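This report concerns only the one structure given below.
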Amino acid sequence: MSKFYITTPIYYVNDKPHIGGAYTTIAADVLSRWHRMRGDDTFFLTGVDEHGQKIAQAAREQNMTPQQLCDQNAAKFQQVFDTLKISYDRFIRTTEKPHEKMVSHVLNTIQNKNLIYSGTYSGLYCVGCERYYTSKELTDGKCPLHHKKPITLSENCYFFKLSAFQKPLLRLIDTNEWVIEPEERKNEVMGFLKSETLEDLAISREKVEWGIPIPWERSQSIYVWIDALFNYLSGIDWDGKNKKMPDYWPPDVQLIGKDILRFHAIIWPAFLLSLDIPLPKLLYAHGFFTVGGQKMSKSLGNVLDPEELATTFGPDALRWLLLSEFPFGQDGDISLSKFYDKYNADLSHGVGNLVRRTIALALKYKGAIEPPKAIDVDFKQMIEKAWKIYEGALDDLKFETAIGAINDIVTFCDKYIDSSEPWRLSSDDKQYQTIVYNLLEVLRHLSWLIYPFMPKKSNVLFQLLGLKTETKKSLSLGKQWGKVEFNNISQGDILFPQL
Ligand code: MSP
């Protein structure tokens with residue numbers, strides 16, 4: 001059995017669950033469900049980032065302790081993830097004691113290797129981002145994210161010798177030992193490493209009351225970003241000391257948004273190299289979306305709320321819509337009106353309508369619908385081809401291609417129904433039963449295929465087909481054509497009511 005360890009970023013606990021974060025998490029969930037369905041020993045880690053000045057400040061403003069604020073908001077994230085059918089195996093919170101202990105151990109180890117030294121840092125600091133900016137990175141002298149002027153800050157702190165890792169990182173990325181995808185993002189990191197001199201990294205702050213103290217100088221606490229990166233290790237219960245890494249290590253996929261590429265493509269692997277820990281197999285940075293052609297913003301009133309969207313379309317359909325609108329690695333655009341159109345086209349008129357038509361035809365025949373003596377080769381080949389495209393697409397994180405393969409099956413069947421005109425035949429006719437069998441068998445395959453994207457609808461469809469135990473089968477059995485008999489079919493509620 002292969003293992004599959006997948007991570008998302010951990011989200012700032014004082015923010016509201018955002019459609020951008022939901023996008024990353026849904027994508028990770030689809031991959032996790034796909035790997036579980038295929039029999040891989042899967043571990044899906046997500047969670048929240050709970051330290052830092054911003055959180056202490058937000059707690060003060062709400063008359064709470066930071067821990068109370070974290071508890072309250074972490075629960076909110078979990079609730080939204082439940083709504084979105086996120087099947088994480090572990091929801092990590094960076095205020096958990098084992099995480100804090102692990103980070104302390106790791107810092108001691110890096111310090112003992114002479115890769116940490118004390119100094120003074122002075123720079124342009126954005127409180128919103130909790131990070132320093134170089135003047136080059138600012139837009140008109142302002143933080144590109146918060147549009148506020150950063151403050152000049154000077155403080156004693158500890159530095160990590162990040163500069164020592166510039167050459168090793170370049171080599172590892174160049175030789176694909178450290179894989180960053182898509183290609184564009186890899187080139188971005190390579191370009192940066194080739195053209196800029198990597199400076200040592202300030203890793204601690206003075207007077208941040210809500211953070212993990214530097215073990216040998218407790219007046220300093222570790223920079224929240226560094227603390228957060230180590231969640232990928234504490235999330236699988238590594239204690240920071242044991243020489244043997246947990247079996248899930250290294251991650252097979254680390255999914256992030258392109259905004260946090262440098263943290264994950266440069267700083268994170270440098271820390272791992274400093275600890276002699278193998279690097280993750282793949283770092284994949286997806287694109288950003290605009291809404292109706294514009295950046296999402298409160299003032300424009302175009303902010304999409306994941307919970308509201310799940311109420312409108314249902315969580316299953318929302319997952320499908322978000323991942324089908326544009327290629328995963330690229331930037332794209334979404335909008336409510338596009339969601340309505342796509343919902344009606346793919347789901348209500350597409351999959352949903354095929355289910356309704358097929359079951360209505362099947363119910364006209366009273367007996368069990370058995371595999372025909374001569375298997376329909378066209379159908380068998382069509383389904384085998386669809387599976388091939390679908391599997392390759394999910395392995396390459398091309399969600400939209402996998403969804404396209406499902407839509408193509410539906411189109412094939414709609415044409416087949418129209419051309420074979422089963423309503424002209426008597427239900428006792430062998431030909432009628434073959435047509436219905438082919439269509440039911442397609443629906444069974446569709447239930448498997450839609451599962452990673454729409455887990456609840458997939459289960460409903462299996463039930464309508466009278467195949468409640470189908471998911472207990474291995475995928476390789478499930479993928480076979482023409483072996484199953486249908487004898488307990490029912491027409492339930494409409495799967496995707498038209499909106
Ligand atoms: N806490 C850090 C990550 C630490 S990981 C060791 C952080 N958190 S975040 O909540 O701000 O963002 C996490 C991820 O959510 C980002 O990769 C980002 O792509 C996604 N999004 C969060 N807000 C977003 C938008 N406004 N738009 C699109 N995606 C966004 O960064």
Side-chain angles (χ1 to χ4, degrees), residues 6-29 45-55 58 70 73-74 76-77 80-81 84 86 90-95 99 102-103 106 126 128-131 143-147 185 203 210-212 222-236 251 253-272 280 283-291 294-300 302-306 309 322-323 325-326 328-334:
I6 180 164
T7 68
T8 71
I10 49 171
Y11 303 96
Y12 286 125
V13 80
N14 57 329
D15 290 343
K16 262 182 75 180
H18 184 282
I19 191 71
Y23 182 60
T24 321
T25 316
I26 289 172
D29 190 62
L45 176 71
T46 187
V48 278
D49 192 351
E50 302 196 317
H51 286 126
Q53 200 57 29
K54 249 195 316 188
I55 287 158
C70 291
N73 289 5
K76 178 74 193 163
F77 271 89
V80 172
F81 286 175
L84 299 175
I86 305 299
R90 171 101 150 85
F91 184 90
I92 184 148
R93 301 180 52 190
T94 52
T95 53
H99 171 80
M102 191 219 69
V103 173
V106 158
C126 170
C129 297
E130 302 199 61
R131 60 164 279 200
C143 159
L145 286 180
H146 293 90
H147 311 293
R185 301 285 157 244
I203 57 159
W210 189 243
I212 304 178
I222 184 160
Y223 174 32
V224 50
W225 251 106
I226 310 304
D227 154 8
L229 285 168
F230 283 103
N231 90 84
Y232 302 129
L233 283 159
S234 54
I236 46 168
V253 183
Q254 294 213 280
L255 267 192
I256 58 166
K258 65 174 187 177
D259 52 332
I260 52 178
L261 181 63
R262 288 198 194 167
F263 282 102
H264 283 83
I266 296 174
I267 297 174
W268 173 227
F271 274 114
L272 293 172
L283 175 69
Y284 193 100
H286 66 69
F288 263 39
F289 41 78
T290 46
V291 175
Q294 284 173 310
K295 225 177 141 185
M296 230 183 305
S297 87
K298 276 191 199 138
S299 54
L300 286 174
N302 65 350
V303 175
L304 294 176
D305 175 66
L309 289 172
L322 268 176
L323 291 176
E325 211 58 72
F326 59 92
F328 188 59
Q330 296 171 23
D331 289 340
D333 186 60
I334 58 172

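We're numbering straight along the sequence, starting at 1. It should be emphasised that the depicted structure is a prediction, and the values quoted were computed from it without experimental measurement. Ligands are counted one by one from 1 in listed order, and the atoms in each one are counted from 1 as well.
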Where on [X] is there a heavy atom closer than 4.0 Å to ligand 1, on the side chain, on the backbone, on both, or on neither?
{"X": "Phe289", "result": "neither"}
{"X": "Trp225", "result": "side chain"}
{"X": "Tyr23", "result": "neither"}

Taking only heavy atoms of [X], which atoms of ligand 1 are found under 4.0 Å from at least one of them?
{"X": "Ile260", "value": "16 (C), 17 (O), 31 (O)"}
{"X": "Asp259", "value": "16 (C), 17 (O), 18 (C), 19 (O)"}
{"X": "Ala228", "value": "6 (C)"}
{"X": "Leu229", "value": "6 (C)"}
{"X": "His18", "value": "23 (N), 24 (C), 25 (C), 26 (N), 27 (N)"}

_With no hydrogens and no angle check, just 3.5 Å: does a side-chain donor-acceptor pair link Glu50 and Thr94?_
no
Enter the distance from [X]:[atom1] to [Y]:[atom2] here, rounded to the nearest 0.5 Å.
{"X": "Ile260", "Y": "Thr24", "atom1": "CD1", "atom2": "OG1", "value": "7.5 Å"}
{"X": "Phe81", "Y": "Tyr11", "atom1": "CZ", "atom2": "OH", "value": "5.0 Å"}
{"X": "Ile19", "Y": "Leu309", "atom1": "CD1", "atom2": "CG", "value": "5.0 Å"}

So which protein heavy atom does [atom] come closest to, and at what separation?
{"atom": "atom 14 (C) of ligand 1", "result": "Tyr11 CE2, 3.6 Å"}
{"atom": "atom 2 (C) of ligand 1", "result": "Ile10 O, 3.5 Å"}
{"atom": "atom 11 (O) of ligand 1", "result": "Tyr12 CD1, 3.3 Å"}
{"atom": "atom 30 (C) of ligand 1", "result": "Gly20 CA, 3.8 Å"}

*Apply ring-ring contact (aromatic ring centres under 6.0 Å, His included) to the pair Phe230 and Trp225, showing each step before the final yes or no.*
CA-CA 9 Å; Phe230 283 103; Trp225 251 106; over 10 Å; no
*Does a side-chain heavy-atom distance below 4.5 Å link Asp227 with His99?*
yes
*Are the aromatic ring centres of Tyr23 and Phe328 under 6.0 angstrom apart?*
yes
*Verify side chain to side chain contact (heavy atoms under 4.5 Å, CB included) between Asn302 and Thr290, making sure each step is shown before the conclusion.*
CA-CA 9 Å; Asn302 65 350; Thr290 46; over 6 Å; no
_Lys258 atom NZ, over 12 foreign heavy atoms within 6.0 Å_ = yes
_Test of proximity, Asp49 against ligand 1: N or O pairs below 3.5 Å_ = yes
*Per atom 20 (C) of ligand 1, closest listed option by heavy atom (Gly21, Pro9, Gly257)*: Gly21
